[in-house]
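These values consider heavy atoms only, across backbone and side chains, with no hydrogens, waters or symmetry-generated copies.
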Amino acid sequence: MAAKVLFIANHRLNRSPGQRFRFEQYLGFLKENGFECTISNIISEKDDKYLYSKGNYLKKTLIALKSWWIRLKDLARANEFDIIFIYREALLTPSTYFESQFEKSKAKVIFDFDDAIWLDNVSAANKSLSRLKKPSKTNTILTLADLVFVGNQYLAEYALKYNTNVKIVPTTIDTSYHVPAEKQEKDFITIGWTGTQTTLKYLKAIETVFIKLKGKYREKLKFKIICDQQWKSDQVEIEFVKWEKTKEIEQLQSIDIGIMPLEDDEWSRGKCGFKGLQYMALEIPAVLSPVGVNTDIINHSNNGFLANSPSEWIEIISQLIEDEGLRKRMGENARKTIIQRYSVEAIKEDYLKYFKELLE
């Protein structure tokens, strides 16, 4: 008889990068190995446009009420499941009521997170509602879980303060989906960045790098931003491409050099390097800030580069612009790293083992 797993998440399938690369891409493998998986999300496609825009407080209140109703239904069926898998939180509010009730059910509880979610971090559109968030509830959820999955060592060290059963499950890439493109002859190099509106703020810190590089290489250089929201520079032309799930690989394949700037703070140290992993899987040479897990992913000058200061960003990117062989070598080594250490194929057996051990 198949073991039944209820996945508690905010978003629908294929909507959230975090969900997609933390658990959704393992659903088929779990099913092949005797697990029946059910997803319960609280935010619909219709809700998206209201939840992440300014104002719309009545709509947001209705979404919150609907979320409670969905979770009440989940609670009513909790004993039908062998495992309840909570990605980040059951509700977007300070409440941990449902997590505490799931813990009292017959099901074992897995808690999974891939950011330093115990810190304040509210989207720009919802800053006025920040008082309704309670990041410290993470500590409570950690104490309630039978098993905790985290994306890196920094998160593990925090989780271990509240729970002794913590497993590091790195964010992984499906390398059969992330397939490098054949390089096309062209007379310019594209520096690219991908992300969501919440991480656009990191681009401002290296805007001067863009300006100086453009002044140095002129028409040989282009900048591309792939995102759900536009970002503009007053001094450098930026090509904006609206992220689309059905075109995401094609969009990324148009980049010659991928960048991931970060601030060195607690929130950034909790990140799992997802942008860098995507670039690397597609054989795009990556330049990352040396923050958190990035220093584990990147072996500097072997499978990518770490840049700390504006001068380092300029020097490294200049080398990549001028040396096609270097770009090719870095890209090939990067994909090998992903296949060996950060791919679904590399991690899936451990992932399955943790589920089975929990039930045993």
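Evaluation of the ring-ring contact (aromatic ring centres under 6.0 Å, His included) test over residues 217-260, restricted to residues two or more places apart or in two chains, returns F210-F223. Under the ring-ring contact (aromatic ring centres under 6.0 Å, His included) criterion, the residue pairs touching residues 282-314 are H300-F305, with sequence neighbours excluded. Residue pairs meeting the salt bridge (Lys or Arg N to Asp or Glu O under 4.0 Å) criterion with at least one member in residues 146-173, sequence neighbours excluded, do not occur. Within the structure, every pair that satisfies the side chain to side chain donor-acceptor pair (under 3.5 Å) test and touches residues 333-343, not counting sequence neighbours, is listed here: N303-T337. Among residue pairs with one or both ends in residues 25-43, those qualifying as side chain to side chain donor-acceptor pair (under 3.5 Å) are Q25-T172, Y26-T172, S40-R71, S40-D74; sequence neighbours excluded. Residue pairs meeting the salt bridge (Lys or Arg N to Asp or Glu O under 4.0 Å) criterion with at least one partner in residues 240-249, sequence neighbours excluded, are R20-E248, E244-K247. Counting only residues at least two apart or in different chains, side chain to side chain donor-acceptor pair (under 3.5 Å) contacts with residues 98-109 are absent. For residues 301-322, no residue pair satisfies the salt bridge (Lys or Arg N to Asp or Glu O under 4.0 Å) rule, not counting sequence neighbours.
Among residues two or more places apart in sequence or in another chain, the side-chain contact (heavy atoms from CB on, under 4.5 Å) test is passed with V293 by N152, D296, I297. For the salt bridge (Lys or Arg N to Asp or Glu O under 4.0 Å) test, residues two or more places apart in sequence or in another chain that qualify with R12 are D48. The salt bridge (Lys or Arg N to Asp or Glu O under 4.0 Å) check on E324 picks up nothing, with sequence neighbours excluded. Partners of T96 under the side chain to side chain donor-acceptor pair (under 3.5 Å) rule, at least two apart in sequence or in another chain, do not exist in this structure.
Centroid-to-centroid, the aromatic rings of Y351 and F355 come within less than 6.0 Å.
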Item to check | Steps toward salt bridge (Lys or Arg N to Asp or Glu O under 4.0 Å) verdict (R88, D114) | outcome: CA-CA 8 Å; R88 297 175 74 109; D114 56 343; 3.0 Å; yes
Checklist entry - Can you check salt bridge (Lys or Arg N to Asp or Glu O under 4.0 Å) on K328 and E332, steps first, answer last? => result CA-CA 6 Å; K328 186 175 188 295; E332 290 174 349; 2.5 Å; yes
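Between D256 and K222, no side-chain nitrogen of the basic residue sits less than 4.0 Å from a carboxylate oxygen of the acidic one, so the salt-bridge criterion is not met.
Classification of the Y158-W118 ring pair by plane angle, with boundaries at 30° and 60°, yields parallel.
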